[in-house]
Asker: 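Structure in C-alpha coordinates, see below.
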Amino acid sequence: MEFFNTLSGKKEIFKSIRPKKVSLYTCGPTVYDYAHIGNFRAYVFEDLLKRTLIFWGYKVKHVMNITDVDDKTIKKAQSAGKSLREVTDKYIEAFFEDIDTLNISRADHYPRATEHIKEMADMVKVLVQKGYGYKKNGSYYFDISKFKEYGKLAKINRNELRPGERIESDEYDKKNAHDFALWKEKKPDEPFWESEIGPGRPGWHIECSVMSTKYLGQPFDIHCGGVDNIFPHHENEIAQSECFANKKFVNYWLHCHHLIVNGSKMSKSKGNYYTLRDLIKKGIDPMVIRYLLLSTHYRKMLNFSFETLAQSDSALERIRDFLRELKERSFEQGKNPLVQKFIDQTGAEFAESLGDDLNISMALKSVFNFVRKINKLLSKNQVYTEDSKLIVSALKKWDEVLGILPKDEDKELEASIKEKIDQRNKARKEKNYALADKIRDELYKQGIILEDTQDGVRWKKR
RNA sequence: GGCGCGGUACCCAAGAGGCUUAAGGGAGGGGUUUGCAAAACCUCGAUUCGUCGGUUCGAAUCCGACCCGCGCCUCCA
(Lines give C-alpha, C1' and ligand atoms only; values in the text may rest on other atoms or scores of the structure.)
Protein backbone atom coordinates (compact mmCIF):
# COMPACT_ATOMS: atom_id res chain seq x y z
CA MET A 1 0.00 0.00 0.00
CA GLU A 2 0.99 3.61 -0.42
CA PHE A 3 0.69 6.67 1.80
CA PHE A 4 1.55 10.30 1.35
CA ASN A 5 4.39 10.98 3.73
CA THR A 6 4.66 14.60 4.85
CA LEU A 7 8.35 14.05 5.45
CA SER A 8 9.13 13.35 1.80
CA GLY A 9 6.20 15.28 0.39
CA LYS A 10 5.11 12.40 -1.79
CA LYS A 11 3.37 9.06 -1.85
CA GLU A 12 5.57 6.24 -0.68
CA ILE A 13 5.15 2.51 -0.59
CA PHE A 14 4.40 1.57 2.98
CA LYS A 15 6.80 -0.81 4.60
CA SER A 16 6.40 -1.56 8.27
CA ILE A 17 9.38 -2.00 10.55
CA ARG A 18 8.23 -5.44 11.64
CA PRO A 19 6.45 -7.66 9.14
CA LYS A 20 2.67 -7.35 9.28
CA LYS A 21 2.79 -5.17 12.37
CA VAL A 22 2.27 -1.44 12.54
CA SER A 23 3.01 0.93 15.37
CA LEU A 24 0.72 3.94 15.16
CA TYR A 25 0.72 7.11 17.23
CA THR A 26 -1.98 9.71 16.82
CA CYS A 27 -2.17 13.08 18.50
CA GLY A 28 -5.04 13.07 20.90
CA PRO A 29 -7.18 15.67 22.59
CA THR A 30 -6.28 18.43 24.97
CA VAL A 31 -8.96 17.87 27.53
CA TYR A 32 -10.11 21.32 28.51
CA ASP A 33 -13.44 21.34 26.67
CA TYR A 34 -15.64 19.23 24.40
CA ALA A 35 -14.01 18.41 21.11
CA HIS A 36 -15.59 19.89 18.00
CA ILE A 37 -16.26 18.02 14.79
CA GLY A 38 -13.13 19.45 13.19
CA ASN A 39 -11.18 17.59 15.85
CA PHE A 40 -13.20 14.50 15.12
CA ARG A 41 -12.34 14.69 11.47
CA ALA A 42 -8.78 13.86 12.46
CA TYR A 43 -9.86 11.01 14.70
CA VAL A 44 -12.13 9.58 12.03
CA PHE A 45 -9.33 9.76 9.48
CA GLU A 46 -7.01 7.96 11.87
CA ASP A 47 -9.70 5.38 12.48
CA LEU A 48 -10.03 4.80 8.76
CA LEU A 49 -6.27 4.44 8.46
CA LYS A 50 -6.14 1.94 11.27
CA ARG A 51 -9.08 -0.09 10.02
CA THR A 52 -7.58 -0.11 6.53
CA LEU A 53 -4.28 -1.42 7.86
CA ILE A 54 -6.16 -4.14 9.72
CA PHE A 55 -8.18 -4.93 6.61
CA TRP A 56 -4.92 -5.35 4.76
CA GLY A 57 -3.79 -7.88 7.33
CA TYR A 58 -1.66 -5.78 9.66
CA LYS A 59 -1.77 -6.03 13.39
CA VAL A 60 -1.88 -2.47 14.64
CA LYS A 61 -0.65 -1.17 17.95
CA HIS A 62 -2.25 2.21 18.40
CA VAL A 63 -1.38 4.81 21.00
CA MET A 64 -3.17 8.11 21.45
CA ASN A 65 -2.01 10.64 23.99
CA ILE A 66 -4.18 12.71 26.24
CA THR A 67 -2.88 16.16 27.02
CA ASP A 68 -4.08 16.80 30.52
CA VAL A 69 -1.72 19.56 31.49
CA ASP A 70 -1.03 22.68 29.44
CA ASP A 71 -1.96 26.36 29.43
CA LYS A 72 -5.55 25.74 28.44
CA THR A 73 -6.36 23.00 30.90
CA ILE A 74 -4.76 25.01 33.69
CA LYS A 75 -6.68 28.11 32.74
CA LYS A 76 -9.92 26.20 32.60
CA ALA A 77 -9.35 24.70 36.04
CA GLN A 78 -8.53 28.09 37.48
CA SER A 79 -11.58 29.79 36.03
CA ALA A 80 -13.85 26.95 37.15
CA GLY A 81 -12.30 26.92 40.61
CA LYS A 82 -11.59 23.23 40.28
CA SER A 83 -8.55 21.06 40.37
CA LEU A 84 -6.79 20.24 37.14
CA ARG A 85 -7.68 16.61 37.59
CA GLU A 86 -11.39 17.32 38.06
CA VAL A 87 -11.51 19.28 34.84
CA THR A 88 -9.49 16.86 32.75
CA ASP A 89 -11.33 13.80 34.06
CA LYS A 90 -14.60 15.35 33.01
CA TYR A 91 -13.48 16.00 29.45
CA ILE A 92 -11.70 12.69 29.12
CA GLU A 93 -14.95 10.98 29.93
CA ALA A 94 -16.74 13.16 27.37
CA PHE A 95 -14.09 12.36 24.80
CA PHE A 96 -14.59 8.63 25.17
CA GLU A 97 -18.34 9.02 24.95
CA ASP A 98 -17.92 11.00 21.76
CA ILE A 99 -15.58 8.58 20.02
CA ASP A 100 -17.97 5.76 20.89
CA THR A 101 -20.81 7.78 19.41
CA LEU A 102 -18.86 8.11 16.18
CA ASN A 103 -17.93 4.43 16.18
CA ILE A 104 -14.24 5.25 16.36
CA SER A 105 -12.40 2.18 17.50
CA ARG A 106 -10.38 2.43 20.67
CA ALA A 107 -6.62 2.75 20.77
CA ASP A 108 -4.59 0.23 22.73
CA HIS A 109 -3.27 2.89 25.09
CA TYR A 110 -4.33 6.39 26.05
CA PRO A 111 -1.37 7.63 28.08
CA ARG A 112 -1.92 10.81 30.04
CA ALA A 113 0.77 13.44 30.13
CA THR A 114 0.51 13.85 33.89
CA GLU A 115 1.30 10.19 34.37
CA HIS A 116 4.61 10.44 32.52
CA ILE A 117 6.18 13.45 34.17
CA LYS A 118 9.22 11.59 35.38
CA GLU A 119 10.09 10.25 31.95
CA MET A 120 9.70 13.70 30.50
CA ALA A 121 12.00 15.26 33.05
CA ASP A 122 14.51 12.50 32.33
CA MET A 123 14.41 13.23 28.65
CA VAL A 124 14.94 16.93 29.25
CA LYS A 125 17.86 16.13 31.47
CA VAL A 126 19.53 14.04 28.77
CA LEU A 127 18.90 16.68 26.11
CA VAL A 128 20.59 19.28 28.29
CA GLN A 129 23.49 16.95 29.04
CA LYS A 130 23.98 16.37 25.36
CA GLY A 131 23.98 20.08 24.69
CA TYR A 132 20.67 20.36 22.88
CA GLY A 133 18.87 22.03 25.73
CA TYR A 134 19.69 24.91 28.01
CA LYS A 135 18.33 26.31 31.22
CA LYS A 136 17.13 29.85 31.80
CA ASN A 137 15.87 30.61 35.25
CA GLY A 138 13.95 27.48 36.13
CA SER A 139 12.85 26.66 32.60
CA TYR A 140 14.54 24.59 29.94
CA TYR A 141 14.54 25.21 26.20
CA PHE A 142 15.55 23.31 23.15
CA ASP A 143 18.21 25.05 21.07
CA ILE A 144 17.07 24.60 17.50
CA SER A 145 20.38 25.79 16.11
CA LYS A 146 21.92 22.55 17.43
CA PHE A 147 19.75 20.33 15.28
CA LYS A 148 20.82 20.74 11.68
CA GLU A 149 17.77 19.00 10.30
CA TYR A 150 15.35 21.31 12.06
CA GLY A 151 12.57 22.16 9.61
CA LYS A 152 12.76 18.96 7.58
CA LEU A 153 9.15 18.01 8.20
CA ALA A 154 7.56 21.42 7.73
CA LYS A 155 10.05 22.38 4.98
CA ILE A 156 10.98 25.42 6.93
CA ASN A 157 14.37 27.03 6.87
CA ARG A 158 15.09 27.89 10.46
CA ASN A 159 16.81 31.11 9.48
CA GLU A 160 13.73 32.33 7.71
CA LEU A 161 11.29 31.80 10.51
CA ARG A 162 9.37 34.89 11.32
CA PRO A 163 9.16 35.51 15.01
CA GLY A 164 5.69 35.09 16.35
CA GLU A 165 3.75 38.13 17.36
CA ARG A 166 2.91 36.73 20.72
CA ILE A 167 5.81 36.01 22.97
CA GLU A 168 5.07 34.67 26.36
CA SER A 169 6.54 36.53 29.29
CA ASP A 170 8.38 33.49 30.53
CA GLU A 171 10.09 33.05 27.21
CA TYR A 172 11.92 36.35 26.96
CA ASP A 173 15.15 34.67 27.84
CA LYS A 174 15.29 32.24 24.99
CA LYS A 175 18.39 32.46 22.85
CA ASN A 176 16.32 32.27 19.71
CA ALA A 177 12.67 33.20 19.42
CA HIS A 178 11.93 29.76 18.01
CA ASP A 179 13.63 27.76 20.65
CA PHE A 180 10.84 25.98 22.39
CA ALA A 181 10.14 25.09 25.98
CA LEU A 182 11.04 21.63 27.19
CA TRP A 183 10.12 22.33 30.76
CA LYS A 184 8.40 25.33 32.29
CA GLU A 185 9.43 26.48 35.71
CA LYS A 186 7.01 26.42 38.59
CA LYS A 187 4.75 29.44 38.75
CA PRO A 188 2.49 30.59 41.54
CA ASP A 189 -1.06 29.24 41.24
CA GLU A 190 -0.08 26.65 38.68
CA PRO A 191 0.22 22.93 39.18
CA PHE A 192 3.80 21.71 39.24
CA TRP A 193 5.78 18.55 39.76
CA GLU A 194 9.00 18.07 41.63
CA SER A 195 11.68 16.51 39.49
CA GLU A 196 15.40 16.02 39.11
CA ILE A 197 15.52 19.13 36.94
CA GLY A 198 13.61 21.22 39.40
CA PRO A 199 9.96 21.97 40.07
CA GLY A 200 7.73 22.79 37.13
CA ARG A 201 5.66 21.27 34.37
CA PRO A 202 6.47 19.82 30.95
CA GLY A 203 6.41 21.77 27.72
CA TRP A 204 3.84 20.73 25.20
CA HIS A 205 5.95 18.78 22.72
CA ILE A 206 7.87 16.61 25.12
CA GLU A 207 4.88 14.47 26.07
CA CYS A 208 4.45 13.07 22.60
CA SER A 209 8.14 12.32 22.24
CA VAL A 210 8.15 10.46 25.52
CA MET A 211 4.87 8.61 25.35
CA SER A 212 5.03 7.55 21.72
CA THR A 213 8.43 5.93 22.03
CA LYS A 214 7.70 4.50 25.47
CA TYR A 215 4.87 2.41 24.07
CA LEU A 216 5.99 1.98 20.47
CA GLY A 217 9.78 2.11 20.49
CA GLN A 218 11.96 4.24 18.28
CA PRO A 219 11.61 4.48 15.40
CA PHE A 220 7.98 3.59 15.01
CA ASP A 221 5.91 3.35 11.85
CA ILE A 222 3.25 6.03 11.60
CA HIS A 223 2.50 9.28 13.35
CA CYS A 224 -0.67 11.20 12.52
CA GLY A 225 -2.31 14.48 13.29
CA GLY A 226 -3.87 17.50 11.68
CA VAL A 227 -1.85 19.65 9.30
CA ASP A 228 -1.75 22.37 11.91
CA ASN A 229 0.42 20.09 14.02
CA ILE A 230 3.15 19.87 11.42
CA PHE A 231 4.66 23.04 12.66
CA PRO A 232 5.74 23.53 15.30
CA HIS A 233 4.49 20.51 17.23
CA HIS A 234 5.67 17.60 15.11
CA GLU A 235 8.78 19.40 13.96
CA ASN A 236 9.73 19.86 17.58
CA GLU A 237 8.97 16.27 18.46
CA ILE A 238 11.37 15.17 15.76
CA ALA A 239 14.06 17.51 17.04
CA GLN A 240 13.73 16.26 20.62
CA SER A 241 13.45 12.60 19.88
CA GLU A 242 16.15 12.36 17.26
CA CYS A 243 18.61 14.34 19.34
CA PHE A 244 17.74 12.30 22.39
CA ALA A 245 18.17 8.86 20.82
CA ASN A 246 20.41 9.61 17.84
CA LYS A 247 18.08 7.78 15.55
CA LYS A 248 15.11 8.37 13.39
CA PHE A 249 11.88 9.10 15.23
CA VAL A 250 9.10 8.16 12.81
CA ASN A 251 9.02 6.63 9.34
CA TYR A 252 5.70 7.90 8.02
CA TRP A 253 3.95 11.14 8.90
CA LEU A 254 0.35 11.40 7.80
CA HIS A 255 -1.58 14.62 8.27
CA CYS A 256 -5.19 15.35 7.56
CA HIS A 257 -6.45 18.67 6.33
CA HIS A 258 -8.88 20.94 8.10
CA LEU A 259 -12.59 20.97 8.28
CA ILE A 260 -13.81 24.27 6.95
CA VAL A 261 -17.00 26.02 7.84
CA ASN A 262 -18.17 29.00 5.81
CA GLY A 263 -14.80 29.21 4.15
CA SER A 264 -12.60 29.20 7.20
CA LYS A 265 -11.10 26.66 9.50
CA MET A 266 -13.32 25.46 12.30
CA SER A 267 -11.66 26.30 15.55
CA LYS A 268 -12.37 27.11 19.13
CA SER A 269 -10.66 30.46 18.96
CA LYS A 270 -12.74 31.57 15.98
CA GLY A 271 -15.91 30.41 17.67
CA ASN A 272 -17.21 28.92 14.41
CA TYR A 273 -17.50 25.41 15.69
CA TYR A 274 -19.98 22.69 16.45
CA THR A 275 -19.32 20.05 19.01
CA LEU A 276 -20.54 16.58 18.31
CA ARG A 277 -23.07 17.11 21.06
CA ASP A 278 -24.46 20.22 19.33
CA LEU A 279 -25.21 18.19 16.23
CA ILE A 280 -26.66 15.23 18.08
CA LYS A 281 -28.96 17.61 19.90
CA LYS A 282 -30.23 18.80 16.54
CA GLY A 283 -31.28 15.23 15.86
CA ILE A 284 -28.49 14.39 13.44
CA ASP A 285 -27.56 10.73 13.23
CA PRO A 286 -23.95 10.24 14.37
CA MET A 287 -23.34 7.78 11.55
CA VAL A 288 -24.23 10.49 9.08
CA ILE A 289 -21.61 12.71 10.68
CA ARG A 290 -19.13 9.88 10.48
CA TYR A 291 -19.98 9.35 6.82
CA LEU A 292 -19.48 13.04 6.07
CA LEU A 293 -16.14 13.17 7.87
CA LEU A 294 -15.04 9.98 6.16
CA SER A 295 -16.19 10.64 2.64
CA THR A 296 -13.76 13.37 1.69
CA HIS A 297 -10.15 12.37 1.19
CA TYR A 298 -8.15 13.16 4.29
CA ARG A 299 -5.70 15.49 2.56
CA LYS A 300 -8.43 17.71 1.22
CA MET A 301 -10.25 20.47 3.01
CA LEU A 302 -13.66 19.30 4.00
CA ASN A 303 -16.39 21.86 3.78
CA PHE A 304 -18.88 21.35 6.55
CA SER A 305 -22.43 22.56 6.06
CA PHE A 306 -25.88 21.34 6.83
CA GLU A 307 -26.34 20.80 3.13
CA THR A 308 -23.40 18.42 2.83
CA LEU A 309 -24.64 16.73 5.97
CA ALA A 310 -28.05 16.18 4.32
CA GLN A 311 -26.33 14.79 1.24
CA SER A 312 -24.41 12.36 3.41
CA ASP A 313 -27.64 11.32 5.01
CA SER A 314 -29.16 10.44 1.64
CA ALA A 315 -26.08 8.62 0.45
CA LEU A 316 -25.92 6.55 3.59
CA GLU A 317 -29.64 5.88 3.37
CA ARG A 318 -29.11 4.31 -0.01
CA ILE A 319 -26.75 1.77 1.50
CA ARG A 320 -28.93 1.18 4.53
CA ASP A 321 -32.03 0.62 2.40
CA PHE A 322 -30.07 -1.82 0.32
CA LEU A 323 -29.01 -3.78 3.39
CA ARG A 324 -32.54 -3.76 4.75
CA GLU A 325 -33.91 -5.04 1.47
CA LEU A 326 -31.54 -7.99 1.61
CA LYS A 327 -32.26 -8.78 5.20
CA GLU A 328 -36.01 -8.46 5.11
CA ARG A 329 -36.99 -9.57 1.68
CA SER A 330 -37.82 -13.21 1.06
CA PHE A 331 -35.81 -15.07 -1.53
CA GLU A 332 -36.21 -18.28 -3.43
CA GLN A 333 -33.75 -21.12 -2.94
CA GLY A 334 -30.77 -21.02 -5.22
CA LYS A 335 -27.69 -19.12 -6.23
CA ASN A 336 -26.75 -16.65 -8.91
CA PRO A 337 -23.09 -16.94 -9.96
CA LEU A 338 -23.02 -13.25 -10.87
CA VAL A 339 -23.33 -12.30 -7.23
CA GLN A 340 -20.06 -13.87 -6.16
CA LYS A 341 -18.40 -12.34 -9.17
CA PHE A 342 -19.59 -8.86 -8.21
CA ILE A 343 -18.50 -9.37 -4.63
CA ASP A 344 -15.01 -10.41 -5.66
CA GLN A 345 -14.67 -7.52 -8.06
CA THR A 346 -15.89 -4.97 -5.56
CA GLY A 347 -13.80 -6.37 -2.73
CA ALA A 348 -10.65 -6.16 -4.82
CA GLU A 349 -11.38 -2.60 -5.94
CA PHE A 350 -12.28 -1.58 -2.43
CA ALA A 351 -9.06 -2.86 -0.89
CA GLU A 352 -6.93 -1.48 -3.67
CA SER A 353 -8.51 1.98 -3.45
CA LEU A 354 -7.99 2.22 0.27
CA GLY A 355 -4.45 0.97 -0.12
CA ASP A 356 -3.80 3.90 -2.43
CA ASP A 357 -3.38 6.55 0.23
CA LEU A 358 -6.89 5.92 1.54
CA ASN A 359 -8.72 6.85 -1.64
CA ILE A 360 -12.12 6.81 -0.03
CA SER A 361 -13.95 8.21 -3.04
CA MET A 362 -12.85 5.28 -5.14
CA ALA A 363 -13.65 2.85 -2.35
CA LEU A 364 -17.15 4.24 -1.95
CA LYS A 365 -17.61 4.27 -5.67
CA SER A 366 -17.02 0.52 -5.83
CA VAL A 367 -19.51 0.00 -3.04
CA PHE A 368 -22.15 2.12 -4.76
CA ASN A 369 -21.55 0.41 -8.08
CA PHE A 370 -22.01 -2.88 -6.31
CA VAL A 371 -25.25 -1.67 -4.78
CA ARG A 372 -26.56 -0.68 -8.18
CA LYS A 373 -25.60 -3.97 -9.80
CA ILE A 374 -27.24 -6.04 -7.11
CA ASN A 375 -30.30 -3.81 -7.04
CA LYS A 376 -30.64 -4.46 -10.72
CA LEU A 377 -30.63 -8.18 -10.07
CA LEU A 378 -33.09 -7.69 -7.23
CA SER A 379 -35.47 -5.81 -9.47
CA LYS A 380 -35.41 -8.78 -11.83
CA ASN A 381 -35.79 -11.29 -8.99
CA GLN A 382 -32.43 -12.84 -9.81
CA VAL A 383 -31.09 -12.96 -6.28
CA TYR A 384 -31.55 -16.11 -4.20
CA THR A 385 -31.22 -17.19 -0.60
CA GLU A 386 -27.55 -18.07 -0.79
CA ASP A 387 -26.76 -14.84 -2.59
CA SER A 388 -28.45 -12.64 -0.06
CA LYS A 389 -26.32 -14.14 2.71
CA LEU A 390 -23.16 -13.60 0.69
CA ILE A 391 -24.08 -10.00 -0.04
CA VAL A 392 -24.86 -9.16 3.56
CA SER A 393 -21.63 -10.67 4.79
CA ALA A 394 -19.64 -8.84 2.10
CA LEU A 395 -21.20 -5.55 3.13
CA LYS A 396 -20.35 -6.26 6.73
CA LYS A 397 -16.78 -7.03 5.82
CA TRP A 398 -16.39 -3.72 4.01
CA ASP A 399 -18.09 -2.00 6.87
CA GLU A 400 -15.36 -3.21 9.18
CA VAL A 401 -13.36 -0.48 7.48
CA LEU A 402 -16.05 2.13 6.98
CA GLY A 403 -17.92 1.64 10.24
CA ILE A 404 -21.08 3.31 9.03
CA LEU A 405 -23.74 0.61 8.99
CA PRO A 406 -26.17 0.05 11.83
CA LYS A 407 -25.55 -2.82 14.17
CA ASP A 408 -27.89 -5.75 14.11
CA GLU A 409 -30.55 -4.95 16.61
CA ASP A 410 -33.92 -6.28 17.46
CA LYS A 411 -36.40 -4.35 15.48
CA GLU A 412 -39.25 -3.93 17.86
CA LEU A 413 -42.15 -1.57 17.57
CA GLU A 414 -44.47 -0.24 20.19
CA ALA A 415 -47.76 -2.09 20.38
CA SER A 416 -49.73 1.00 19.40
CA ILE A 417 -47.76 1.38 16.19
CA LYS A 418 -48.07 -2.30 15.37
CA GLU A 419 -51.77 -1.95 15.81
CA LYS A 420 -51.92 0.94 13.39
CA ILE A 421 -49.98 -1.01 10.83
CA ASP A 422 -52.46 -3.88 11.18
CA GLN A 423 -55.36 -1.48 10.79
CA ARG A 424 -53.79 -0.11 7.65
CA ASN A 425 -53.25 -3.57 6.19
CA LYS A 426 -56.88 -4.32 6.77
CA ALA A 427 -57.94 -1.05 5.16
CA ARG A 428 -55.79 -1.77 2.14
CA LYS A 429 -57.29 -5.20 1.70
CA GLU A 430 -60.68 -3.60 1.76
CA LYS A 431 -59.42 -1.04 -0.74
CA ASN A 432 -60.16 1.71 1.74
CA TYR A 433 -57.17 3.69 0.51
CA ALA A 434 -58.23 6.94 2.10
CA LEU A 435 -57.95 5.38 5.54
CA ALA A 436 -54.77 3.50 4.64
CA ASP A 437 -53.08 6.70 3.48
CA LYS A 438 -54.27 8.56 6.54
CA ILE A 439 -52.67 5.98 8.82
CA ARG A 440 -49.49 6.04 6.77
CA ASP A 441 -49.30 9.82 7.17
CA GLU A 442 -49.87 9.57 10.90
CA LEU A 443 -47.11 7.06 11.31
CA TYR A 444 -44.80 9.20 9.18
CA LYS A 445 -45.35 12.02 11.61
CA GLN A 446 -44.39 9.65 14.40
CA GLY A 447 -41.16 8.86 12.59
CA ILE A 448 -42.15 5.58 10.98
CA ILE A 449 -41.96 5.20 7.21
CA LEU A 450 -44.02 2.43 5.65
CA GLU A 451 -43.20 0.76 2.37
CA ASP A 452 -45.46 -1.72 0.62
CA THR A 453 -43.45 -4.50 -0.98
CA GLN A 454 -43.98 -7.86 -2.64
CA ASP A 455 -43.63 -9.44 0.78
CA GLY A 456 -46.08 -7.09 2.42
CA VAL A 457 -45.59 -3.93 4.37
CA ARG A 458 -42.19 -3.00 5.73
CA TRP A 459 -41.22 -0.14 8.02
CA LYS A 460 -38.21 1.91 8.88
CA LYS A 461 -37.42 4.77 11.16
CA ARG A 462 -37.17 8.18 9.70
C1' G B 1 7.38 38.56 3.58
C1' G B 2 8.30 32.95 3.53
C1' C B 3 6.17 28.00 2.88
C1' G B 4 2.04 25.04 1.36
C1' C B 5 -2.94 23.49 -0.36
C1' G B 6 -7.11 23.99 -3.46
C1' G B 7 -10.40 25.93 -7.74
C1' U B 8 -13.89 19.69 -12.04
C1' A B 9 -21.85 19.75 -13.54
C1' C B 10 -26.99 23.00 -9.38
C1' C B 11 -24.27 20.83 -4.62
C1' C B 12 -20.47 17.21 -2.58
C1' A B 13 -16.48 14.70 -5.00
C1' A B 14 -12.83 11.07 -8.01
C1' G B 15 -9.56 11.25 -12.07
C1' A B 16 -3.17 13.51 -12.45
C1' G B 17 -0.49 12.68 -20.22
C1' G B 18 -4.15 8.44 -24.64
C1' C B 19 -8.40 2.95 -21.21
C1' U B 20 -12.38 9.04 -19.88
C1' U B 21 -15.87 13.31 -26.09
C1' A B 22 -14.50 13.23 -17.07
C1' A B 23 -16.17 8.01 -11.70
C1' G B 24 -19.42 7.90 -7.52
C1' G B 25 -23.07 10.34 -4.29
C1' G B 26 -26.88 14.15 -3.59
C1' A B 27 -30.59 17.32 -5.81
C1' G B 28 -33.59 17.89 -10.35
C1' G B 29 -36.47 16.41 -15.29
C1' G B 30 -38.71 12.15 -17.95
C1' G B 31 -40.13 6.83 -17.81
C1' U B 32 -40.99 1.63 -15.53
C1' U B 33 -43.07 -0.34 -11.10
C1' U B 34 -47.03 0.93 -7.24
C1' G B 35 -54.18 1.57 -5.58
C1' C B 36 -51.23 6.01 -4.47
C1' A B 37 -46.58 6.34 -2.31
C1' A B 38 -41.71 4.73 -0.72
C1' A B 39 -37.65 1.95 -2.24
C1' A B 40 -35.63 0.10 -6.71
C1' C B 41 -34.63 0.07 -11.96
C1' C B 42 -34.13 2.75 -16.81
C1' U B 43 -33.14 7.56 -18.80
C1' C B 44 -31.65 12.93 -19.32
C1' G B 45 -27.73 15.78 -17.38
C1' A B 46 -20.13 19.13 -17.80
C1' U B 47 -18.10 18.70 -26.02
C1' U B 48 -15.78 20.36 -20.65
C1' C B 49 -12.17 20.57 -15.96
C1' G B 50 -10.52 29.08 -12.52
C1' U B 51 -8.31 32.38 -16.82
C1' C B 52 -4.79 33.09 -20.68
C1' G B 53 -0.66 31.27 -23.19
C1' G B 54 2.95 27.14 -24.12
C1' U B 55 4.90 21.85 -24.63
C1' U B 56 2.91 17.37 -27.12
C1' C B 57 0.49 13.40 -32.50
C1' G B 58 -2.59 13.86 -27.87
C1' A B 59 -3.63 17.84 -21.57
C1' A B 60 -8.56 18.36 -16.61
C1' U B 61 -3.78 15.91 -16.09
C1' C B 62 3.03 18.72 -17.81
C1' C B 63 5.25 24.08 -18.02
C1' G B 64 4.61 29.57 -17.41
C1' A B 65 1.87 33.84 -16.09
C1' C B 66 -2.37 35.63 -13.90
C1' C B 67 -7.18 35.62 -10.98
C1' C B 68 -9.83 33.67 -6.77
C1' G B 69 -10.33 30.91 -1.99
C1' C B 70 -7.87 28.77 2.19
C1' G B 71 -4.08 27.12 5.64
C1' C B 72 0.73 27.33 8.32
C1' C B 73 4.75 30.50 9.94
C1' U B 74 1.66 32.00 17.25
C1' C B 75 -2.18 27.68 21.08
C1' C B 76 -4.91 24.73 17.43
C1' A B 77 -6.94 18.11 14.59
Asker: Of the nucleotides B/A14, B/A39, B/C75, which has the atom closest to the A/Thr296 side chain?
Answerer: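 Nearest to the side chain of A/Thr296 among the choices is B/A14.
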
Asker: Do A/Arg277 and A/Thr101 have side-chain atoms, one donor and one acceptor, less than 3.5 Å apart?
Answerer: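 Their side chains do not contain a donor-acceptor pair, so the 3.5 Å distance test is not met.
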
Asker: Taking N and O atoms by type only, does the side chain of A/Asp70 place a donor or acceptor under 3.5 Å from a partner on the base of B/C75?
Answerer: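 Absent.
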
Asker: Less than 4.5 Å apart, any side-chain heavy atom of A/His257 and any of A/Leu302?
Answerer: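 No, side chains not in contact.
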
Asker: Taking the minimum atom-to-atom distance to the side chain of A/Arg440, which one of B/G24, B/C36, B/G26 wins?
Answerer: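 Looking only at heavy atoms from C-beta outward on A/Arg440, the closest nucleotide is B/C36.
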
Asker: Between B/C75, B/C12, B/G71, spot the one nearest the side chain of A/Ser264, thanks.
Answerer: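 The nucleotide sitting nearest to the side chain is B/G71.
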
Asker: Has the side chain of A/Glu400 got a donor or acceptor atom that lies under 3.5 Å from a matching backbone atom of A/Phe55?
Answerer: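 Such a contact is absent between A/Glu400 side chain and A/Phe55 backbone.
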
Asker: Check the phosphate of B/G24 against A/Arg372, side-chain N and O only, distance under 4.0 Å to OP1 or OP2. Yes or no?
Answerer: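 So the side-chain polar atoms of A/Arg372 do come within 4.0 Å of the phosphate oxygens OP1 or OP2 of B/G24, strictly under.
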
Asker: In the structure I gave you, are the side-chain heavy atoms of A/Trp398 and A/Leu354 within less than 4.5 Å of one another anywhere?
Answerer: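 No. Closest side-chain heavy atoms not under 4.5 Å.
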
Asker: Which nucleotide sits closest to the side chain of A/Asn369: B/C41, B/G35, B/G24?
Answerer: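 Closest nucleotide to the A/Asn369 side chain: B/G24.
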
Asker: When you measure from the side-chain N and O atoms of A/Ser314 to the phosphate of B/A27, is any distance below 4.0 Å, counting only OP1 and OP2?
Answerer: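 Yes.
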
Asker: Closest approach to the side chain of A/Ala315, judged atom by atom: which nucleotide of B/A37, B/A14, B/G26 is it?
Answerer: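 The answer is B/G26, which lies nearest to the side chain.
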
